[in-house]
Amino acid sequence: MSQVLTSTDFDSKVLQADKPVLVDFFATWCGPCKRLGPVIEEVADELAGKVDVYKLDIDQSPDVAARYKVNSVPTIMLFENGAIKNKTVGAVPKQQLLQML
Amino acid sequence: MGAENTNREEKVYDVAIVGAGPAGLTAAMYAARAGLDTALLENLSPGGQLAQTEHLENYPGFTMSQSGYELSQIMHEQAEHFGAHTVYDEVTDVALEGPVKRLHLPSGHIDTRTVIIATGARPAKLGIEREAKLTGSGVSYCATCDGNFFKGRDVCIVGGGDTAAADAIYLSRICNKIYLFVRRDVLRATAIYYDKLKNLPNVQIVWNMVVEEIVEEDGAVAGVRVRDRLTGNETAYEVAALFVAVGTVPNSEFLDGKIELDQTGHVVADETGRTSVPGVFAAGDVRTKMLRQVSTAVADGANCAEACAEYLLQQQS
C-alpha cells in the first residue's frame, strides 16, 4: 500500500529517505489520477522494501506541489538523495513507471 | 488487484478483450453473459477515456449527476458480475493467425480462440519542439485536470473540435483570457458548443492559426508563436499554458503489420467488428468508423461479442 503524504512529513519521508522514493502528485477530482491510483498501489506492492511509494494530494499540500512546480496531475516523481531523479506526467502503465527507476 | 498467473500457461480463453474502456467493458459483459470464457486485459485501470470524462452530456439516460468515471466503474462491475476475468497487464505483442491466438504480456501470455481489440485512442500531439519537454510545465492534454494550475492567467487552446470547445468553456470559468487557435475558419465542434463560446467574453477564437513554436522561460511555458495560414503573418501570445486538443490517435501500434490498418492507424472493421484476420474483431475508437462516442463504443462492444460467439460456433461445426 502507498501512504498519503502531507506537507509536514514530506521532507523526512521523501528527501531524507535512505532509498529511492516515488511520489504520485494527484488530485481527488482528476480522472487520469483515478485511473492511475490502482497502478500506483500495484507498483507499491511490487517494490515494497526497495522503493517507498507515496501519494500527495495537491489540494491538501499545495506548498509541496508549488515547490516542485507541479502544473499537471497526475505527476509522478522519483526522488533519490533528496533530489528529483526522474519525472513523468499523466496516467501511465505499470511498466512505464517501473522503467523510471 | 494484480495479474493472476495460475494456469495461465495451459488455459485457452474463448475470447480475450484488449482494453477496458466502454467498448471493451461492454464486449466483456456480453461475452461473459453469453457463457463465453472471457478475459479482459487492461494496462491501467478500467474506464478508458470515459473514466477521464468529467461530465457526460450525451450518453442516453445519463444526466450530469454522475461522472464518466463512476459510469465506467459500474460497467466494470457489471462485466465481472457475469464472469469476465480482468487481467491487469499490457499486451506487448500478438500472434493472431490460426485457431488459437496468443497475446504476449510482460508477465507471460494469454491464449484465446478470439480477440476483440478495444484499445481505444489517446490525445494526439502537435509534434512541435519543446512540446514533450514542457508537458506538465504548461503543456497539457487535459484541461479539466490542469486548468486549476492556471487560475487567473492567460492561456491558449489549440484545436477546433468538441474537446477544444468544451475545454474553452471549462477554462473560461477559471482563467483570465483564453485564446482558441483554430486551424481552419470553422469549428468542427457541435453547434451547441459554438453558441456557448460566442457568448463568453473572455474567450477569443482566432481562426486559421497554426502553433509554430512554444516559448519557454524558466523551464515552463511563457507563450506561443502562431502563424496565420492565409497571410503567413506570425504573432506572439504571452500565455502560461497551452492546452492541446487536436483529436486522437488510435492505440494500434502493436498491431502494425499483423492486421489491416487504415492510413490513420485505425483497425479496418465494419459494424460487426470483423477485421482482416479471422477470429479477430475490433470495437470502439480504435476501429474505422464515423462517430467516436461512448454510445457507439458500447454498441461495437455488444456486436463484437456476438460476432465472436458466432465465429466460435462455426469453428466447432
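Chain letters run A, B, ... following the sequence lines, proteins first and then strands; every chain starts at 1.
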Next on the checklist: Does any backbone or side-chain atom of B:T135 lie under 4.5 Å from a heavy atom of chain A? Answer side chain, backbone, both or neither.
Outcome noted: both
Item to check | Pairing residues for B:C175 by the disulfide bond (SG atoms under 2.5 Å apart) criterion, not counting sequence neighbours | outcome: none
Checklist entry - Any Lys/Arg nitrogen of A:R67 or A:D11 sitting under 4.0 Å from an Asp/Glu carboxylate oxygen of the other? => result yes
Next on the checklist: Under 4.0 Å between a side-chain nitrogen and a carboxylate oxygen: does that hold for B:R225 and B:E216?
Outcome noted: no
Item to check | Other residues, nucleotides, ligands: >12 heavy atoms within 6.0 Å of B:R153 CZ | outcome: no
Next on the checklist: With a 6.0 Å cut-off (strictly less than), is the heavy-atom count around CG of A:N81, excluding the residue itself, greater than 12?
Outcome noted: no
Checklist entry - Hey, is NZ on B:K177 packed in by over 12 heavy atoms from elsewhere, all under 6.0 Å? => result yes
Checklist outcome for this item: Bottom line for B:E42: the part with an atom under 4.5 Å from chain A's heavy atoms is side chain
Checklist entry - What residue, out of A:T75, A:V70, A:L36, has the most heavy-atom pairs lying under 4.5 Å from chain B? => result A:V70
Checklist entry - Taking the inter-plane angle between the rings of B:Y59 and B:F62 on a 0 to 90° scale, is it parallel (under 30°), tilted (30 to 60°) or perpendicular (over 60°)? => result tilted
Checklist outcome for this item: Residues of residues 86-101 of chain A with a heavy atom under 4.5 Å from any heavy atom of chain B, in residue-number order, are A:K87, A:V89, A:A91, A:V92, A:P93, A:K94, A:Q95
Item to check | ring-ring contact (aromatic ring centres under 6.0 Å, His included) partners for A:F10, two or more places apart | outcome: A:Y68, A:F79
Next on the checklist: Checking side-chain polar atoms at under 3.5 Å, does B:D146 have a donor or acceptor matched by the opposite partner on A:S72?
Outcome noted: yes
Next on the checklist: Can you confirm whether more than 12 heavy atoms, excluding those of B:E217, are under 6.0 Å from its CD atom?
Outcome noted: no
Checklist entry - Checking B:Y141 against chain A: side chain, backbone, both or neither under 4.5 Å from a heavy atom? => result neither
Item to check | Straight-line distance of B:L56 CG to B:Q293 CD, nearest 0.5 Å | outcome: 8.5 Å
Next on the checklist: Does anything in residues 22-34 of chain A reach chain B? List residues with heavy atoms under 4.5 Å apart, or say none.
Outcome noted: A:W29, A:C30, A:G31, A:P32, A:K34
